[in-house]
Amino acid sequence: MSIMSINIVYIIPELIIAFFALLILLLSVFIGKKFDIALAPISVFGIFISLVSVFVFNFYNKSSVFNNSFVVDNFSNFFRIFILTSSLIFIVFTFSYSKGSIYIKRHLGEFYFLILMVIIGAMLMSASCDLIMLFISLELVSIPSYILAGYEKMNEKSEEASLKYFILGVLATAILVYGFSLVYGATGEINLKEIARAIINRNLLENNYVLIIGVILSLVGFAFKIGAAPFHWWAPDTYEGAPTIITTLITTIVKIAAFAGLIRFLYVGISGFKNSIWIVLFLVLLSLLSVIIGNLMALPQKNFKRLMAYSSIAHAGYILIGFSSANTDAQFAIFIYLLAYIAMNLGAFSVAMLVEKTRHSEEIKAFAGIGYTNPFISICMIIFLISMVGLPPFAGFLGKLLVFKAGVENNLTWLVIIGVITSVISLWYYVNIIKHMYFVRYEGDSSLLKIKASKLSVFLITILAIFTISMVIIPSVFILVSRNAVVFF
Amino acid sequence: MQFSAGLELKLEYFLAIAAVLFGIGTYGVLTRRHVVHILLSIELMLNAVLINLIAFSAFLTPEKLTGQMFAVFVIVVAASEVGVGLAIILSIYRKRKTVDVDKINILKG
Amino acid sequence: MTQIIQITQIVWFIPLIPFIGFIITFLIFKKFSNAVSKISTIFSGICVLLSLYSVYLVYTKGSFSTEIVWYITGKYYISMGFVADGLSTMMLVVVSIVSFLVHLYSIGYMHKDSRFGLFFVYLQLFSASMLGLVLANNYLQMYIFWELVGLCSYLLIGFWYEKKSASDAAKKAFLTTRVGDVGMMIGILLLFLNTGTLGFTKIFELVEKGFISGSVITASSILLFCGAIGKSAQFPLHVWLPDAMEGPTPVSALIHAATMVAAGVYLVGRSFPLFFASPYAMTVVAVIGVFTAIFAASIAIVQTDIKKILAYSTISQLGYMIFALGLGAYVAGLFHLMTHAFFKALLFLGSGSVIHATGTQEITEMGGLAKKMKTTTWTFITGALSLSGFPLLAGFWSKDEILGFAFDNGRYIFFAIGAFTAFLTAFYMFRLVFVVFGGSLSQKSEHAHESPKTMTIPLIILAIFAIIAGYIGAPFIKGNIAFGEFIKNGIHIKHTEFNFMPMVISVLLALMGILLSYLMYQKKTIPKDWLYKYVKPYYTTLKNKYYIDEFYSKVIIRPGIKFANLINWFDKNIIDGFINIIGKATVIISKGIHLFDLGVIDGFVNWTANETYNSGKRLRKLQTGNVSAYAIIMFAVCAVYIIYLIIRFKF
Amino acid sequence: MVITAKHILHSSFYLIASLLCVAMFFIMLRAEYLAAVQILVYIGSIVVLIIFALMLTRTKVGDETNISNNQKIFAAFTAMILFVCLTIVFFNINLEVKVESISKVSIVSVKQFAEVLFSAYTLPFEIASLLLLAALVGSVVLAMKEKTEENNDNKKFTK
C-alpha cells in the first residue's frame, strides 16, 4: 500500500484532470442544463491546477513507477506543460465556439469530459514507457477524438468525417498493435528500456527482421496519427468535416501526443534505430512524401480547414526530417518545431474560428477584407501564416532552421533542399490567404463585414502571436528548456 | 493437461495462423462496402494480434505473462472501438439511410 | 570609451526609431491619418540626423560593432548585433535620406488616398527593416530583415489592391524573390555548417586565412548571390520589378529604385571578401551583372510606360553595380549604388509628379509638360543627365569609375558592353525626357499644373544630391581614395587612377545617345522651336523628319512592312539613315529581347508555377473520398515496403 | 467466410465461429483465462452488440448484389503479399524461444493472472477503465436520438 501511495504522487497531474473530468460528467448528469455555464470554467480551473501541480510535484526528479511503465522525467514534464498550456488556450476557445453549435451545447458536459480525456491520454502518452501504456494512451487520445469529430450530429460532413477517421484510425491501430506484438515477439519485452537493452545485447537491429517489420508497422500507426503521407488520407476529409474546434484539437493536442509517443518509442525503445537503414529509409520516405504531397495538394484548396490539413501534413513531413537523425540536436529541433507549429496553428485556427463564427463560412474567401475591418487580428494572422512558411523573424523559421540543420548534418542535404523548395511552394497558398485578407473585397452581407471578436480571444491571439515572435527573439529560453527535455535510452 | 505429442506445435505455426487471419482481415477491410463488414474484418485483424501476443507470451516469456496482459488490453480497446464504431454507424445511418462506404464520399479532393 | 558607448547607442537607435514610429502609427492610423503622416516624416527626419552623426563618428573614430549572444547550440553559437562601419553608415545615410524625402513627398502625393495613414505605417515598417538590414552584422540577422523588407515590399506593391494587376504583381514579386532567397538560405546554412558562425567578420577572417575550402566558398557565394539576383532583380529573376510598378510611385522610388533593390548589391558588397576569394563566383557575378545591364537597357528603349522605363533602367543600373563588383571594382560599384539611389529616386519622384499632374503613365499621352511644370522638368532633366553620365554630375563620376576600372584591368569586353549600355541609357532617358517634357501639349497635359510644395521640395533636394553626390568620390580631388578607404570593409582596395581614355569614350557615347534621342523625338514635335534651328540647322525638311518618326513608330509595330521605306529614306539622307539604322536595329533587337523576356523567361516562370499548381490539382484526384481506396493505399505501401525489405534481405 | 458471406448477419455468425477457434488456440497456448475472456467479451458482447446494431439499422439484408467494391484483385494481392512476407520472415528468423514446445508451457491460473494484473499493470488498468467510460459516454452521445429528429426517444443503447 505504501508503494502505491508513493507512486500516486507521480500521476497527480493526470489524476487531477481525471477528477475534474468525472466531476464535470457527474455535474452535468445530475444538475443538468443549468450548470452548463460553469463547465468550461471548471475545466479551465482543472487544467490550471494540474499545471500548477506539475510545477509543485516531482519536477526535477527522474523516476519510473508502476513497474517502470510510467516515467517522470524532463521529457514528460516538458510535454505535460506543453500539452496543458495548449489545452488551456484551446479550452478558452471552446467557450465561444460551443455557443454556436446546438449539439455541442446540448451535450456540453460530455463534450468537456471527452476533451479532458484526450488531454489525459496525451499526457500519459508522453510519460509512458512501455508498449501497453503507449497503446492504451494512444487509444485514449483517439477514441474520444473519433466521437468529437462526429459531434455535429445532423451535419453530414461531420458524420462522414467521424466515420472516415474512425475506420482508418482503427485500421491504423490494428496495424500498430500488430507491429507492437512483433516488437514484443522479437525482444521478449514490452518495457521500452528493456527492449532497448535487448536490442543492444542481441544486436537485433541487424539480423532480426521480425523486429524491423514490427517497428515499421508501428511507425505506420504513428504516421497515421501525425498525418504523414501516405497515411494522411483521413486528414483532409476529417479536418474539413469535423467542427472547427475539434479540428483544432486534432491538429494540436492529438498531434503533440502522437509525436511524444513516437519520440518515446523511437528514441527510448528502438534507441539504435539510426543503425537500421530500413527504419531510416522509411522515415525519410514518409517525410519526403508528406512534404511534397502536403504542399502540392494544398495549392488548389479553397476551404481553409482543408488547406490547413494539407499544410499540417507538410509540417509533419518537416518534423520527420528531424527524426532521420538520432542525436540530441535533432531531438530538440523536433521540440522547437513542435512548439512553433502548435503556437501558430492554434493562432491560425483561432482566427479562422472567429471568421467562421461571424461569416458562417470556412472558405478562404470568407477572410476577404478583414485586413481593413480588423487590422489587429489580421496582423496576427499574417504573423502565424508567415511563420508557417518558415520566414524570419517568426517561430516557424527557427523550427525549420534547426530541423534542416539536423538534416544536413545527417547527409540528407537533398531532402533538406526538397524541403526548402516545397516551403517556397507553400508560400503561394499562405500568401493567398493574406491576399484575401488585404487585397480582396468581401462580397457578402455588409453587416458581417467586421469580425466580432471577444476580448478574451483577442487577448489569447495576442499571446500566441507574441509567443510566435518571441521564439525567434529570445530562443535561448526555449532552447534551454527543450534541451533539458531530450530523452535517450 | 497434456497433449498427446504426435505433432509438435511450434511458435511459427501460431504466428503463421495469425498472419493468415491478419491477411484475411486485410482483404475484408479493403473489399467490403458495408461498414459493419469492415468492422468485423478489423476484429479479425485484432484477433490475429491476440494470437501473436499470446503465442509469444507462452513461448518467450512463460513466467512473466506480459503478452497475456497486453492481450487483455487489446480486447478492452477492441470492445470500446466496436462500441464507438457502432454508434457512429447508427448516427450516420439515421441521416443517410446507407452504410455503404462507397456512397459516403461527399468530402474529397 | 564614452565615444564607443555613444556609437553603440546611436546604432541601436537608428532602426528602432522608425520601428517605434511604426508601432505608434499602427495604433492610431485609422483616426488620425494626417497626424500619422507628419509623425512618421519627423521620425524619419530624426533618422537622417542620426545617420549623419554616425557617419561623422565612424569617420573620426573608426568603425565599431556590437553584438550579444543570441543562442548557443552545441558547438555553434549565433549572435545578434550591429555593425557600424563605413559601408553600413554610407548605406544608412542613403536609406534614411531617401526615405525621409519619400515620406515628405508622399504627404503630397498620397493625400487623396483613402488609406493615407496606412501607407505611412508600411513606410515606417519598411524603413525600420531596411535600416536593420544595413546594420546587421551577421547573415542570419540580415536574412531576417531581408525577408521583412520583402514583406513590406509585398504589402506596398499591392497597396492599391482594387486593381487586380496590383495584387497579382505583389504576389509575383514576393514569390520570385523568394526563389532567390531559397538559394541564399542554403548558402547561409552551408557557411554556417562550414564555419560554425554567421558573423561577417569571423567568416571573412576564416576565408582570408584559408580555412575554408575553395569549393565551399564558391558554392556558398554563388548561393548567396542567388539572393541578390532575386532582390536586385537580376536576370533571370528580374521579371518582378517591372510589374512591381503597380505600387504607388513613392514606393517605387524608395523600395524599387533606391533602397531595397540595392540590398542585393549591398549583400554582395558586404560579402565581398568571400566573393573575392573565389574567381568563379566573381565571374558569375560579373557576367550576370553585365548581361542584365545591357539586356534591361535594351528593353527600356521600347517601353512606353514611364514607370516601366525607369524600372528597366533600374534593373540595368543594378546590373551595372553587380558587374562592377564582379570585376572587383568594389568601391566603384558601391559608389554607383549611392549616386544611383539619389538620382533614381529623383527620377521616380519626378515621374510621380508627372503622373500626378496628367493622370496617366503612358508617355505617348504626355508632352509639352516643360511649360507647365518647371520644377519637375528641370529636376527630372538633372536626374536624367546624371543617369546618362553627363559630365560633372553624380552619375558621371560613378559610372566613369566602373568603366575606368574595367578598362584599366583589361576587361575590354566588359568595358565595351558597359559603354554601349551607357549609350543606350542616355538614349532611352532622353527619349523619355523629350517625349514627356518636350513637344507640344497633349490633351492630357493641358490641365497639368505644378505639384504642391511637399512634392517639389524633395525633388529639388534630390536634384542637388544628383549633382553633388558624385564629388564624394570624384577622382580629381582624390575623393575616390578617401571614399574607398571609408567604406573599405576590411579589404585591400585597388585604387583606380584617373584615366582620360575611358572617360572620354563614355562621355562621347552618352552624348551620342542624347543626341540620337534628340534627333528622333524632339525635332518632330516642336519643329519651329529655336533649339531645333540652333543645334541642327542641316535638317531641312520638316516633312522628312516627321516621316522618320512616323516610320519609326510603325517599325515598332510592324517591323517587316516598312522595311523598304527605310531603304528608300536611307538613300535620301545618309547621316539620318545611319542614325536610324542604329535606332532601328536596336529597337528590333530590344523588341526581340523583350519578347524573349515576356515569352520565355516569364513563360518559364509561369509555366513552373502552373505546373506546380496543376500537379497539385492532379494529386487531388487521389483524394477520392472513398475510405476503401484510402485503406488500400495505406496497406499497399506497407506491403510494398515489406516485400522490398524481404527481397533485399538475404536469409 | 466472415468476409465473403453476402449476408451480413451470416458473416457475424461466422465471426463467432472463428472467434471460438481463436479461443481454442488460447487454450492450446495455456491461456485459459484469456480464452474465457475471449468467449465472454468478444462473443458474448461484441458480436451480440454488432448483431443488435444490425437489427436496429434494419439494413437491407442479403439482397445487396454487390457487396464488395472494385478493388478485389488489388486487395487480394496486397493481403497475400503481407501474409506471405510475414510467414517467410517467421519461418526464417530464430526468435529467442525459451520454451521449445507447447507441451512444456505451464497453465496460468486466474489467481496468478490477477496478481500480475493488479500489481504491475495497475495504471494501464485504470486507464482502460477511463477509456471504456469515454467510449461509453461518447457512444451514448452519438447514438442518442435527438429530440429534433423523432419523438420516440428512448435511450436504448446499452453496452
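Since we're looking at a predicted model, the values are computed, not measured. Note on naming: letters A, B, ... go to the chains in the order of the sequence lines (proteins, then strands), and numbering restarts at 1 for each one.
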Student check: side-chain heavy atoms of B/Leu44 and D/Leu15 closer than 4.5 Å: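 B/Leu44 vs D/Leu15: side chains touch.
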
Flag the pair D/Ser18 / B/Asn47 as yes when at least one side-chain heavy-atom distance between them is below 4.5 Å, and no otherwise.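 Result no, sub-4.5 Å side-chain heavy-atom pair not found.
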
Closest heavy-atom contact between B/Gly23 and D/Ala79?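 Taking every non-hydrogen atom into account, O-CB, 3.4 Å.
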
Over all heavy atoms of both residues, which pair between D/Phe83 and B/Ala16 is shortest? Give the atoms and the distance, please.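 Scanning both residues, the minimum pair turns out to be CE1-O, 4.0 Å.
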
Measure distances from B/Leu39 to the heavy atoms of chain D and classify the residue's part below 4.5 Å as side chain, backbone, both or neither.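 Answer is neither: B/Leu39 stays 4.5 Å or more from chain D.
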
Would B/Phe14 and D/Phe25 satisfy side chain to side chain contact (heavy atoms under 4.5 Å, CB included), going step by step from the backbone distance to the final call? CA-CA 8 Å; B/Phe14 288 102; D/Phe25 282 124; 3.7 Å; yes

For the candidates D/Gly138, D/Pro124, D/Ala76, which exhibits the highest count of non-hydrogen atom pairs separated by less than 4.5 Å from chain B?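 Among the listed options, the one with the most contacts to chain B is D/Pro124.
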
Rounded to the nearest 0.5 Å, what separates atom CD1 in B/Ile92 from atom CG in D/Leu142?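 These two atoms lie 10.5 Å from each other.
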
Side chain to side chain contact (heavy atoms under 4.5 Å, CB included) evaluation trace for D/Phe26 with B/Ile51: CA-CA 7 Å; D/Phe26 289 180; B/Ile51 294 181; 4.2 Å; yes

List the residues meeting side chain to side chain donor-acceptor pair (under 3.5 Å) with B/Ser57, not counting sequence neighbours, and say none if there are none.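 Residues passing side chain to side chain donor-acceptor pair (under 3.5 Å) with B/Ser57: none at all.
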
Residues in side chain to side chain donor-acceptor pair (under 3.5 Å) with B/Glu81, at least two apart?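 Partners of B/Glu81 under the side chain to side chain donor-acceptor pair (under 3.5 Å) test: none.
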
Just say parallel, tilted or perpendicular for the rings of B/Phe73 and D/Tyr121, cut-offs at 30° and 60°.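 Geometry flag for D/Tyr121 against B/Phe73: tilted rings.
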
Considering only heavy atoms, which portion of D/Ile81 lies under 4.5 Å from any heavy atom of chain B: side chain, backbone, both, or neither?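 Neither; nothing under 4.5 Å.
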
Identify which one of B/Leu50, B/Ile75, B/Leu53 satisfies the side-chain contact (heavy atoms from CB on, under 4.5 Å) criterion when paired with D/Leu34.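 For D/Leu34, the side-chain contact (heavy atoms from CB on, under 4.5 Å) check succeeds only for B/Ile75.
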
Residue pair B/Val72, D/Val37: steps toward the side chain to side chain contact (heavy atoms under 4.5 Å, CB included) verdict: CA-CA 8 Å; B/Val72 171; D/Val37 170; 5.9 Å; no

